[in-house]
Number of protein chains: 2
Amino acid sequence: MELDVRRLFLLAEIAEYGSLTGAAEAMMYTTSAVSQQMRRLEAEAGQTLFERRARGVVLTDAGAALVARAHAIRRELAGAESDLEALSGLHAGTVRIGSFPTASASILPLVLTQFSRQHPAIAVSVRSALRDPLRELLLMRDVELALFWEYDWSLFEDDAIETERLLDDPTVLVVAAGSEVGGTGPVKLSSMAGERWIIRADGHPVADVLTRSCHAAGFAPDIAYDAHDYQEAQAMVAAGLGVALAPRLSLTNLRDDVRLVPLDPQTPVPVRRILMGQLKGHQPTPAILGFQDTLREAARAMPKTFSQQGQLGSVNQ
Amino acid sequence: MELDVRRLFLLAEIAEYGSLTGAAEAMMYTTSAVSQQMRRLEAEAGQTLFERRARGVVLTDAGAALVARAHAIRRELAGAESDLEALSGLHAGTVRIGSFPTASASILPLVLTQFSRQHPAIAVSVRSALRDPLRELLLMRDVELALFWEYDWSLFEDDAIETERLLDDPTVLVVAAGSEVGGTGPVKLSSMAGERWIIRADGHPVADVLTRSCHAAGFAPDIAYDAHDYQEAQAMVAAGLGVALAPRLSLTNLRDDVRLVPLDPQTPVPVRRILMGQLKGHQPTPAILGFQDTLREAARAMPKTFSQQGQLGSVNQ
DNA sequence: CAACTGACTTAACTTGAGCTACAGTCAGGG
DNA sequence: CCCTGACTGTAGCTCAAGTTAAGTCAGTTG
């Protein structure tokens, strides 16, 4: 048998108007079409669905039962449409984001609170990982969007991933609070040749920043300490072991006993670019699009956030 | 937008198999057909419903929502089919019956109890009326089936109603319990010429039976009393005012102080035929068909019922 | 790393379900 | 008794939903 849903809807229409002709007018069909469809439906149902009277028709028990089912199906369809509505209107949905540790500790919290305030019904999950595992998460579709970083000399490139530049994260100098360095404003790196340096251990990419920058400024840095994270580096700077170069974003929660000094923009200042990446040709869901908007928004506001946190004037160009 | 239900089902199939190809095989389509249908469905939905991977597809939130709705609709359809099943298997439904007073008081109670024992889920409603109003009920479709009666000289005829003879209801003689009439078996009406008679008043059709029968037997009956119903007539017979002729069915609950005497079948005995009538060309519902079966069954068993109630031997031919 | 495989897409073509137009048929109502 | 309103039947057209065939693309395998 296998009842056809369109015919059930037509039957419901007939029930409403009490005649095939009425239903036909409502549906913009001819009466004949309705009659033919109902013949089929009765064949599918295996029984008479309405009695033909001289002025219209009246449902049998079977017809009435099918009309009730038709209404239930209509409700489901309406529900389906409102589901879609909710998803496209960001009243429902999920996003899965990948991020690297520094971003997770700085810009991302802002973005997450902002986003969940704007779209409280959308569930966000974040996975934090280093650059290559992160790329892998994206390629494996374990996340739909990921944050990456790059320097001029180590560009992020993957021909399956398209990126958008979110924000420039400038390199700044971290000095002990009591230090006189930068008391008069931005400093030239070349003037720091005599300092000792705190560096990130294990060939961390930011170590590159120091060696390259100093090389460009015409000296080789004197390494005082290999720190394993930015907190440790800050602590060593505070302790007076030396000064450090660090991306501004990594310094979101700054110790009281250290101070940031901008580098003189006259000389080339290494900039870490923060990128937002997604799979190429991967149609983003409405929820992802919304999340991207919030990300861009937050990135645009970031320089202001930096300056509100004091210590630095306009760090970003 | 207006989502198409068949496509939703196809999507559910895809969800189940995890690939268009799998769904295509299950539905005996080509992959191409499935792909085209899904393109349409996505257009209807206004968003991507699944991500294309190298080995199959995985649903987006929107896709998953639609699949859930598809399952709900499937359940409704299954429910609709089981509704139909119930109605055709007489596990559901209604019948509306019309009947005349004598039948309502005799054969109908048996039929109703029998039917509701066989098909407890079917609701029966009975409307009782005299012959012409009853015909009207049937023509107006206020009942789907009605019981009628006829005598040879007043046949029930209506070219919009088709009838089926259910049962012959013989005319019998009602005498006081102490009477000697019929002590030796069936009596000839002609031998009753000297009796006084109890008759139904107001030109009730059964009055015809008496006058015609007596006329045929060669005498005119001496009317002792005009009764308004069969109970009153029985009471008068019991009181010794006279004897009466009555259709056997009208005497289902017989007083202790009256007795039934069969008429000698050698001479023409007026017989009331009980008919079952329905609108011509009116497709009966399964429930009606079932009720008709029970009616025929009860009618066939009626003569036995008569004889079990004693007094009369084989009344029916 | 080239060829293979499995899965989705696209284009062109085919087919039949589902319309329309139109010509009944049938039952009530003036 | 014809007229009207409503359902039915037939013939034909149209377009949606299939198929076939020829890609494309991403993993996998020899």
Side-chain angles (χ1 to χ4, degrees), chain A residues 2-11 13-44 48-60 63 136 138-141 158-161 279-283, chain B residues 2-11 13-44 48-60 63 136 138-141 158-161 279-283:
Chain A
E2 198 63 8
L3 299 164
D4 179 83
V5 173
R6 291 188 57 213
R7 290 194 256 268
L8 288 182
F9 288 167
L10 194 48
L11 179 66
E13 215 64 22
I14 290 169
E16 179 158 342
Y17 290 95
S19 70
L20 305 206
T21 305
E25 280 169 9
M27 308 280 279
M28 307 273 276
Y29 290 155
T30 59
T31 314
S32 176
V34 176
S35 172
Q36 291 171 60
Q37 289 307 308
M38 286 306 103
R39 185 158 44 137
R40 283 167 179 276
L41 186 60
E42 287 187 325
E44 291 169 353
T48 307
L49 299 177
F50 42 78
E51 293 169 33
R52 279 75 171 168
R53 304 280 178 88
R55 295 283 180 268
V57 301
V58 305
L59 296 179
T60 62
E136 204 56 26
L138 197 53
L139 293 176
M140 286 299 158
R141 279 90 160 177
D158 188 313
D159 46 6
I161 296 176
L279 271 188
K280 237 172 220 167
H282 185 268
Q283 174 121 339
Chain B
E2 198 63 5
L3 298 164
D4 179 83
V5 173
R6 290 188 58 213
R7 290 195 257 268
L8 287 182
F9 288 166
L10 194 48
L11 179 65
E13 214 65 22
I14 289 170
E16 179 158 341
Y17 291 96
S19 72
L20 306 205
T21 305
E25 280 169 9
M27 308 280 280
M28 308 273 276
Y29 290 156
T30 59
T31 313
S32 172
V34 176
S35 172
Q36 291 173 61
Q37 289 307 306
M38 286 306 103
R39 185 158 42 141
R40 283 166 180 276
L41 186 60
E42 288 187 324
E44 291 169 354
T48 308
L49 299 177
F50 41 80
E51 292 169 34
R52 280 73 172 167
R53 304 280 178 89
R55 293 281 180 271
V57 300
V58 306
L59 297 179
T60 60
E136 205 56 26
L138 197 53
L139 292 177
M140 286 299 158
R141 279 90 163 176
D158 188 313
D159 47 6
I161 296 176
L279 271 189
K280 236 172 222 167
H282 185 269
Q283 174 119 341

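Labels below follow one simple rule: chain letters A, B, ... track the order of the sequence lines, proteins then strands, and each chain is numbered from 1.
The residue B:Gln36 sits close to a base: some heavy atom pair falls under 4.0 Å. When heavy atoms are screened at a 4.0 angstrom cut-off, B:Ser19 is found touching the sugar-phosphate backbone but no base atom. Here A:Thr21 lies in heavy-atom contact (under 4.0 Å) with sugar-phosphate atoms only. Among the heavy atoms of the strands lying under 4.0 Å from A:Met28 are primed sugar atoms or P, OP1, OP2 only; no base atom is included.
Shown here is B:Arg39, whose CZ atom has no more than 12 heavy atoms of other residues, nucleotides or ligands within 6.0 Å.
Contacts between residues 51-59 of chain B and DNA chain D, defined by a heavy-atom separation under 4.0 Å, are made by B:Ala54.
One can place NE2 of A:His282 at 17 Å from P of D:dC25, the figure rounded to the nearest angstrom. When the P atom of D:dG18 is taken as reference, atom CG of B:Leu41 falls 13 Å away, rounded to whole Å. As rounded to whole Å, 21 Å separates atom P of C:dA7 from atom CZ of B:Arg39. For the pair A:Glu42 CD and D:dG9 P, the interatomic distance rounds to 11 Å; values are reported in whole Å.
Of the candidate nucleotides D:dA17, C:dC19, D:dT8, D:dA17 has the atom nearest to the side chain of B:Gln37. When distances run from any side-chain atom of A:Tyr29 to the nucleotides C:dC19, C:dA21, C:dT9, the shortest one goes to C:dC19. Closest approach to the A:Thr30 side chain among D:dC7, C:dT10, C:dT20 is made by C:dT20 (side chain taken as heavy atoms from C-beta onward). Distance from the side chain of B:Ser32 is smallest for D:dT19 among the nucleotides D:dA17, D:dC7, D:dT19.
With the nearest nucleotide of DNA chain C identified for both A:Asp4 and B:Leu139, A:Asp4 has the one nearer the 5' end. Between A:Val34 and B:Gly18, it is B:Gly18 whose nearest contact on DNA chain C lies nearer the 5' terminus.
Pairing each heavy atom of B:Asp159 with each of B:Lys280, the nearest pair is O-NZ, 3.1 Å.
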Mind running side-chain hydrogen bond (donor to acceptor under 3.5 Å, both in side chains) on A:Glu25 and A:Thr21 for me, showing each step along the way?
CA-CA 6 Å; A:Glu25 280 169 9; A:Thr21 305; over 6 Å; no

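Taking the side chain as every heavy atom from C-beta outward, B:Glu44 and B:Asp4 approach each other to under 4.5 Å. Side-chain atoms of B:Leu279 and B:Leu139, non-hydrogen and from C-beta on, do get closer than 4.5 Å to each other. Residues B:Val58 and B:Phe50 have side chains not in contact (no heavy-atom distance under 4.5 Å, counting atoms from C-beta outward). Counting heavy atoms from C-beta outward, B:Leu49 and B:Val57 have side chains that stay 4.5 Å or more apart.
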